[in-house]
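See structure below.
Fair warning: this is a prediction, and the values are worked out from it, not measured in the lab. Start at 1 and go down the list; that is how both ligands and their atoms are numbered.
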Amino acid sequence: MQYHAFVIKYAEIGVKGKNRYVFEEALVKQIRRVLSKCDGKFNVTRVAGRMYIDAQDFDFNETVDSLKTVFGITGICPAVSIARDSENHLPDVDGVAKAVIDFIDGVYPDKHKTFKVKVRRVDKSYPMDSMAMAAELGARILDAYDEMTVDVHDPEILINVELREKLNIYSEVIPGPGGMPIGTAGKAMLLLSGGIDSPVAGYMVAKRGVEIEAVYFNAPPYTSEKAKQKVVDLAGVIAKYTGKVKLHVINFTDIQMYIYEKCPHEELTIIMRRYMMRIANMLANESGSMGLITGESIGQVASQTMQSLICTGEVVTDIPVYRPLIAFDKQDIVDISYKIDAYETSILPYEDCCTIFVAKHPVTKPRADIIRRHEELLNEKIDELVKVALETDEVIEVKR
Ligand code: ATP
Ligand code: MG
């Protein structure tokens, strides 16, 4: 079957009232962005609350895979699309019937199928209404293909015939990712480690249309170049959806060593986390990010008990901390990680800065007042170390 068009379905953004235009423009822009990376010639148009892609010389799978990364799309419908003639007429009923019959032949070599025809007729110049037209087309299909039968309740094939500015015929609806188009919200700063959770957390917030900037705390020479590359690759997984991720790599070694030297070891992880949050907060304020994102989930590890979350959260006071996985079971997170192709990278066994200095018995119910008191042991020197860490920030532009 030579499809040469796609009808793009989008749900949530269709109901946004006055903002609808903004959302649709953003969606078109994102569709154009991903298609610019695909082989072929594409023309994306937006007409009367519908989006169409005309495609030539393109690779079907590559194109569909790319469209599956565009937030805001709920359905990708490979279509046959027939333009109006020189007098601005759509095909007449015979012409439509022929196009539908050819469409079925091209898409369904095996005709032992039940079907239903659904007509949407925006062009009112036809002699029949939509219902009559659907019945007529159904009859013509039955004439053409003996093996096919009608089932109006639960058909195997639902043939959509749209008589709009063009004649569009499609039957398959390939699910899109849903969500909102990138560029319709704002920006947030993701604390991106090499684990399973934080890339999923970033993906989930990005899906709401949020641009993602990220920060990774590494601890050379205790953590390797490979561990860092893994994080760059995970930023790439998110960039596949957002177009780009600006990744800050912060050298955390001296801060970590200093905390290790001065503070009780069982509080090390919590205090380190607080400094990660503080530094991420500073980077967020500098970059205009309107929140932090972490992969935390209640009770998953000692540093994510509710008490620990108070301690890590309290150091960020001027912007929200988004924790999209807060109530997720690990398996649910793993499922999404698989789906977005992050899992294989996330499970690569490279050391993490947090595992290196980890205490045998970390506090599971830290008290914020005690933590604050122990942090005082760090005196002004810690501010100097934070300053140096920010000054030596390595910025990597990760693009799709
Ligand atoms: P993940 O799978 O995301 O690493 P985790 O289950 O290992 O999460 P923790 O190690 O407790 O959990 O980290 C909690 C959160 O803190 C992470 O989801 C991430 O957002 C942030 N984080 C942890 N380590 C780092 C790091 N080295 N760089 C940046 N962010 C980090
Ligand atoms: Mg981790």
Checking the N or O distance criterion of under 3.5 Å, is ligand 1 in contact with [X]?
X      : result
Gln304 : yes
Leu191 : yes
Gly295 : yes
Thr294 : no
Phe217 : yes

Give the atoms of ligand 1, by number and element, whose distance to some non-hydrogen atom of [X] is under 4.0 Å.
X      : answer
Val215 : 29 (C)
Ile196 : 2 (O)
Gly195 : 1 (P), 2 (O), 4 (O)
Gln300 : 6 (O)
Val301 : 11 (O)
Ser303 : 11 (O)
Ser198 : 1 (P), 3 (O), 18 (O), 19 (C), 20 (O)

For this session: Indicate, as side chain, backbone, both or neither, the part of Asn218 found under 4.0 angstrom from ligand 1 when only non-hydrogen atoms are considered.
Result: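 Neither; no heavy atom under 4.0 Å.
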Exercise. Out of Arg273, Met277, Lys330, Glu296, whose heavy atom sits nearest atom 13 (O) of ligand 1?
Worked result: Arg273
For this session: Out of Leu234, Val231, Asp197, Leu190, indicate the one that has the non-hydrogen atom closest to atom 2 (O) of ligand 1.
Result: Asp197
[X] atom [atom1], over 12 foreign heavy atoms within 6.0 Å:
X      : atom1 : value
Tyr21  : OH    : no
Lys330 : NZ    : yes
Glu380 : CD    : no

Exercise. Looking at Glu62 and Lys37, does any basic side-chain N land under 4.0 Å from a carboxylate oxygen?
Worked result: no
Problem set entry | Pairing of Asp94 and Arg140 as salt bridge, 4.0 angstrom limit |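 Counted as a salt bridge, because a side-chain N and a carboxylate O are separated by less than 4.0 Å.
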Exercise. Do side-chain atoms of Lys187 reach the backbone of Ile212 as a donor and acceptor pair under 3.5 angstrom?
Worked result: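 No; zero donor-acceptor contacts below 3.5 Å.
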Exercise. Any donor-acceptor pair under 3.5 Å linking the side chain of Thr305 with the backbone of Thr364?
Worked result: yes
Exercise. Under 30°, 30 to 60°, or over 60°: which ring-plane class applies to Tyr260 and His265, parallel, tilted or perpendicular?
Worked result: parallel
Exercise. Once you round to the nearest 0.5 Å, how far does OG1 of Thr114 lie from CD of Glu156?
Worked result: 4.0 Å
Seminar exercise, completed: Exactly one of Arg84, Arg164, His89 clears side chain to side chain donor-acceptor pair (under 3.5 Å) with Asp123, and that residue is Arg84
